[in-house]
There are 2 protein chains.
Amino acid sequence: MNYDSQISKAKEYCEGKGARFTHLREKVYELLLNKESSVGAYDLLDDLKLTETSAKPATVYRTLDFLLEFGLIHRLESTNAFVACHHFDCSHPVQFLICDSCGQVQEIQSEGLKATLDKQAHSLGFKVTKQTIEAHGTCSLCQ
Amino acid sequence: MNYDSQISKAKEYCEGKGARFTHLREKVYELLLNKESSVGAYDLLDDLKLTETSAKPATVYRTLDFLLEFGLIHRLESTNAFVACHHFDCSHPVQFLICDSCGQVQEIQSEGLKATLDKQAHSLGFKVTKQTIEAHGTCSLCQ
DNA sequence: TATCTAAAGATATTCTGTAACTAACGATTC
DNA sequence: GAATCGTTAGTTACAGAATATCTTTAGATA
């Protein structure tokens, strides 16, 4: 319910990098923090409209782009949806476990996975710039 | 250019499973076989329309669903695009290396990657039903 | 205060995907 | 061959996802 400390941490983090953590950005980040599951851009827009009545698709996409750029949120490629990241200050990349039953998204960070994929790619002369690793299935609570 | 043998193999494969490899399905599979890169549904639709003039979005999506179900093609989640699979008769799952420079898509099959992700998930009580593993970067020719 | 830049507002459009219903086709049985 | 039934394809309409462009506003700086 209360993510004030997480939000101020985000604010400091952005401002430390010379970026403005505006009201809109804070609001969108807060909305995402309040979800265990991921949220689609248009669902997010509906939520956002409750307080920011003039919000439009471009509003939410611009804000999401900012949050993505600074690593405050992640994008799930397999569902076209977004999740808050709680530890943006430590280094990434990440992988996701997505429960198809309850929608919960769990972020994991396996150096092993990253390294294995990098190695495989490298052996084929392929240079990786970005990894997308997402697993769908059922979480422990839903089984 | 000539994928006749691949197509007849696909036809046999489907019919062996009691499914009909119709003209439309053959056509769409052929279009995908002729590409090194992945193709979006609407680009595919444009190509398809050259011979199947009545094709509509639903036409192509239904056909893609069929081909996906039988493993004749794969879907790239990070680009919303589709690629032909050349070895649908051996067991999957697969991972992809996607060149952001030339668009080439390379399919790899690393048991290690699959196993690592499965193991990670399992240790958290998560049961994986489907993996999405895609790497973006530059292929050996584009570096 | 004047100026400059980044952010937000506004509008329109494009791309991606699905729902729902109808028509045609193919196989089976009578 | 006619009747039936399930699958495939056609058609229309719409929902969801994302971007382009241009204008306006607000913050920081000089």
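Because the structure is a prediction, the values reported are computed rather than measured.
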Can you figure out which of dT11(D), dT19(D), dT8(D) approaches the side chain of Y61(A) most closely?
dT19(D)
Do any side-chain nitrogens or oxygens of R62(B) fall under 4.0 Å of OP1 or OP2 in dT7(D)?
no
So, is Y42(B) close to the dT16(C) phosphate, meaning a side-chain N or O under 4.0 Å from OP1 or OP2?
no
Taking only side-chain N and O atoms of S54(A), does any of them lie within less than 4.0 angstrom of OP1 or OP2 on dG9(C)?
yes
Phosphate OP1/OP2 of dA8(C) contacted by R20(A) side-chain N/O (<4.0 Å):
no
Interatomic distance, L68(B) CG vs dG17(C) P [rounded to whole Å]:
11 Å
Less than 4.0 angstrom between a side-chain N/O of N80(A) and OP1 or OP2 of dT16(C), yes or no?
no
Do the side-chain N or O atoms of R75(A) get closer than 4.0 angstrom to the phosphate oxygens (OP1, OP2) of dA18(D)?
yes
Do K56(B)'s NZ or CZ and the ring of Y61(B) fall within the cation-pi criteria of under 6.0 Å and 45°?
no
Can you see if the side chain of K56(B) gets near the phosphate of dG10(D) - specifically, an N or O under 4.0 Å from OP1 or OP2?
no
Charged tip of K35(B) within 45° of F82(B) ring normal and under 6.0 Å:
no
Tell me which nucleotide among dT8(D), dT11(D), dG17(C) gets nearest to the side chain of A41(B).
dG17(C)
Classify A55(B) by what it touches in the nucleic acid, base, sugar-phosphate, or nothing, heavy-atom distance under 4.0 Å.
nothing
Might you confirm whether atom CD of E15(B) has over 12 heavy atoms from other residues, nucleotides or ligands at distances under 6.0 Å?
yes
Among dA17(D), dT11(D), dA8(C), find the nucleotide with the atom closest to the side chain of T22(A).
dA8(C)
As a test of reading the structure: which of dA10(C), dA8(C), dA18(D) is closest to the side chain of L24(A), going by heavy atoms?
dA8(C)
